[in-house]
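Just so it is clear: chains get the letters A, B, ... in the order the sequence lines come, proteins before strands, and each one is counted from 1.
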Amino acid sequence: MSEQAVTAQSEDFSRWYNEIVYRADLAAPSPVRGCIIIKPYGYEVWEGIKAGLDRRIKETGHQNAYFPLFIPESYIKREAEHVEGFSPELAVVTHAGGRELEEPLVVRPTSETVIGEAFSDWIQSYRDLPLLINQWANVVRWELRTRPFLRTAEFLWQEGHTAHASHDEAEEETLQMLDVYADCAVNDAAIPVIKGEKSRMERFAGAMRTYTIEAMMRDKRALQCGTSHNLGQNFAKAFDIRYLTEANTQEFCWTTSWGLTTRMVGAVVMTHGDDKGLRLPPKLAPYQVVIVPIYKRDAQRVAVMEAVERLREALTESGIRVHVDRREGQSPGFKFNDWEMRGVPVRAEIGPKDVENNNVVLARRDVLGRQGKQFVSQDGVVDAARDLLADIQRALLDDAQAFRDAHIQDASSYDELRAVVEAGDWARSWWAGSDADEQAVKDKTGATIRCFPFEQPGGRGECVKTGKAAEKVALFAKAY
RNA sequence: CGGGGCGUGGCGCAGCCCGGUAGCGCGCACGGUUUGGGUCCGUGAGGUCCCCGGUUCGAAUCCGGGCGCCCCGACCA
């Protein structure tokens, strides 16, 4: 008997998270500080997210392209706020080919600058607009404090960059892509998110407006899962992205950018995971069903494996991702725990008794123990599995949403806000404060404005900090 | 960059105070046993004890210096 249980979430969430990431085989430590090796199982989760998002990006009229990893240092400096925002975390190449470079090359932290430069060439006339480009890439930001998936020195993402003829068109695009992100989060990752606008302080470096989808993790901390920026004409002016109007006048374009990262994998872990390990939403699970064969003697083995193989084929043919656990050395009990750790939504058990009765046991990951098990006729397995998967997908979302809603509270005074945040919950409060006020709240409580949610109560209220008349409520929370 | 902690087989650790040339658990390999909720037994492989220097007949252990990592904050997707 070995000691194999993970640290409980309630005991030390951060330790729980780290253990799950490594033990569920999502990632491995890397030789470089702050980076991780994304292992096949973790990468497949990312590929699932990526596939769903890429499809939606294309459906909304964007095309994929690829821009260079290296950016001339001077580019970064062209947009004032952008430099200021990113300088501290840049990785810079000063030598190449055995010689010092004339101009250092920045390893991209994001690509507004290179892409902006390209756009200025590509766009001549209003007929070239809108220009809708996306790229899948890796970027590097030398963060001081890193965590697997949530914040790594190098991460994978998608960054969309678009140029438009008017502010309103750009704004529409920005909001459309936020909807796309929310759709991915909710319908693929089963993560309920709150759409909203970032405060000035939390805005992207160089953006006019930043929109976000915010999710609540199992420790009640907030995680920004994706952002969409209306860049106004800031980058167009810095990179001279202009177009000729129908009336033959020169105008600056209105640009947007939006990104979603491998952080989403961390969000899946922290939104759905429990003390037994991962709980993967069926739509993103590399294996949706794992079959664990059970047998004692060779004679049983043959019969059981025959049934297993039949089942595997039937499930695969119906489009379900199946894995058969053929490992010889491990007991069924060990395998049950192992696959629970790895979050496979449905486990199918087939033993001699099932072969005899033409049965199979289906166990759902989101309902542990006997309650989550059911006997199904082998002939009905495909339908049963399909129903179960759909149900689990829904249940995970409902579960996460109920959890989140139970931990957001209205706070109508500063004292209340502090109490709510101190209890770990999110506070919803009227806000009309300045940057300094926002900073003060952060210093005092550790909470930041996650966003001004699109869903507003309406009317006006009294700012929780300044007492001034406020038109919007903000969500305050401790964040990753 | 401030505050804590730690560097010993793949992983987690003990040994260090009181120097004598390395041990435990897990994992791994092989054999057997077991298999419907983390089987058990046996055999075996695997180590520059972070690095450099010093003290000593002898250093994982003592002394000096370096390096690295982790955790907690500030910066951030």
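Remark: the separation of the C1' atoms in B:rU55 and B:rA59 is 10 Å, to the nearest Å. On the C1' atoms, B:rG2 is 35 Å away from B:rU48, given to the nearest whole Å. B:rC63 sits 36 Å from B:rA74 when the P atoms are compared, rounded to a whole Å. Comparing B:rC51 with B:rG9, their P atoms sit 11 Å apart, to the nearest whole Å. Distance check on atom C1': B:rU61 versus B:rU56 gives 13 Å, rounded to whole Å. Taking the P atom of each, B:rC62 and B:rG20 are spaced 11 Å apart, rounded to whole Å. Separating the C1' atom of B:rG38 from that of B:rU34 is a span of 14 Å, rounded to the nearest Å. Between the P atoms of B:rG47 and B:rC40, the separation comes to 28 Å (whole Å).
Atoms CD (A:E328) and C1' (B:rA29) sit 16 Å apart, rounded to a whole Å. Atom CZ in A:R15 sits roughly 16 Å away from atom P in B:rC11 (whole-Å rounding). At whole-Å resolution of the value, CD in A:E19 and P in B:rC70 are 16 Å apart. In this structure, A:Y295 atom OH and B:rU34 atom P are separated by 14 Å, rounded to whole Å. Across the protein-nucleic acid pair, A:I49 atom CD1 and B:rA77 atom P stand 18 Å apart, rounded to whole Å. Residue A:R108 contributes atom CZ, which lies 15 Å from atom C1' of B:rA77 at whole-angstrom precision. When rounded to the nearest whole Å, the span between CE of A:M217 and C1' of B:rA77 equals 13 Å. The interatomic distance linking A:D298 (CG) with B:rU33 (P) rounds to 11 Å, in whole Å.
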Side-chain donor-acceptor pairs of residues 298-306 of chain A under 3.5 Å, sequence neighbours excluded:
residue : atom : partner : partner atom : Å
A:Q300  : OE1  : A:K296  : N            : 2.6
A:Q300  : OE1  : A:R297  : N            : 3.3

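With hydrogens and angles left out, the side-chain atoms of A:S257 and A:H161 include no donor and acceptor closer than 3.5 Å.
Counting non-hydrogen atoms of other residues, nucleotides and ligands closer than 6.0 Å to CZ of A:F454 gives a total above 12. By the neighbour-count criterion of 12 heavy atoms within 6.0 Å, atom CD of A:Q439 is densely surrounded, having more than that number from other residues, nucleotides or ligands. Crowding of A:E84 atom CD: a count of heavy atoms from other residues, nucleotides or ligands under 6.0 Å not exceeding 12.
The salt bridge (charged side-chain N to carboxylate O under 4.0 Å, His left out) pairs that include a residue from residues 29-53 of chain A are A:D25-A:K39, where partners are two or more places apart or lie in different chains. Every pair passing salt bridge (charged side-chain N to carboxylate O under 4.0 Å, His left out) that includes a residue from residues 329-340 of chain A is listed here, sequence neighbours excluded: A:K276-A:E340, A:D325-A:K335, A:R327-A:D338, A:E340-A:R347. Counting only residues at least two apart or on different chains, the salt bridge (charged side-chain N to carboxylate O under 4.0 Å, His left out) pairs with a member in residues 180-199 of chain A are A:R56-A:D183, A:R56-A:D188, A:D179-A:K195, A:K198-A:E214. Sorted by first and then second residue, the side-chain hydrogen bond (donor to acceptor under 3.5 Å, both in side chains) pairs with a member in residues 351-361 of chain A read A:N358-A:D379; sequence neighbours excluded.
A:L223 comes within 4.0 angstrom of nothing in the nucleic acid, heavy atoms only. Heavy atoms of A:T152 sit under 4.0 angstrom from at least one base atom. No contact: A:R301 has no heavy atom under 4.0 Å from any strand. Using a 4.0 Å heavy-atom distance criterion, A:Y22 is classed as making no nucleic acid contact. Across all strands shown, A:S14 has heavy atoms under 4.0 Å from sugar-phosphate atoms exclusively, and none from any base.
Not counting sequence neighbours, A:Y480 has no partner by the ring pair (Phe, Tyr, Trp, His ring centres under 6.0 Å) test. With sequence neighbours left out, the side-chain contact (heavy atoms from CB on, under 4.5 Å) criterion links A:L105 to A:F70, A:V93, A:L101. For A:T152, the side-chain contact (heavy atoms from CB on, under 4.5 Å) partners are A:I36, A:F155, not counting sequence neighbours. By the side-chain contact (heavy atoms from CB on, under 4.5 Å) test, A:E422 pairs with no residue at all, sequence neighbours left out.
Side-chain N/O atoms of A:K442 include one lying less than 4.0 angstrom from OP1 or OP2 on B:rC75. Contact annotation: A:R297 reaches the phosphate of B:rU34 (side-chain N/O to OP1 or OP2, under 4.0 Å).
Judged by the 6.0 Å and 45° rule, A:R78 forms a cation-pi pair with A:Y75.
Which of B:rC75, B:rC71, B:rU39 sits closest to the side chain of A:F334 comes down to B:rU39. Distances were taken from every side-chain heavy atom of A:F155 (C-beta onward) to each of B:rA77, B:rG38, B:rC71; the shortest belongs to B:rA77. In this structure, the nucleotide among B:rA77, B:rU35, B:rC71 sitting nearest to the side chain of A:P332 is B:rU35. Distance from the side chain of A:S331 is smallest for B:rU39 among the nucleotides B:rA77, B:rG36, B:rU39. Between B:rG38, B:rG36, B:rA77, one nucleotide has an atom nearer to the side chain of A:I294 than all others, and that is B:rG36.
Heavy-atom distances under 4.0 Å link RNA chain B to A:R347, A:E349, A:G351, A:P352, A:K353, A:D354, A:V361 of residues 345-366 of chain A, given in residue order. Contacts with RNA chain B (heavy atom under 4.0 Å) in residues 369-382 of chain A: A:K373, listed by number.
If you check distances only, the side chain of A:Q330 never reaches the base of B:rG38 with a donor-acceptor pair under 3.5 Å.
Nearest-nucleotide mapping onto RNA chain B: of A:R147 and A:P88, the residue sitting toward the 5' end is A:R147. Nearer the 5' end of RNA chain B, as judged by each residue's closest nucleotide, is the contact made by A:G329, out of A:G329 and A:R263.
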Let's test your reading of the pairing rules: Watson-Crick or G-U wobble, both distances under 3.5 Å, then write RNA chain B as a dot-bracket string with ( ), [ ], | and dots.
((((((((.[[[[.)....(..]]]].(((((.......))))).....[[[[[..)....]]]]])))))))....
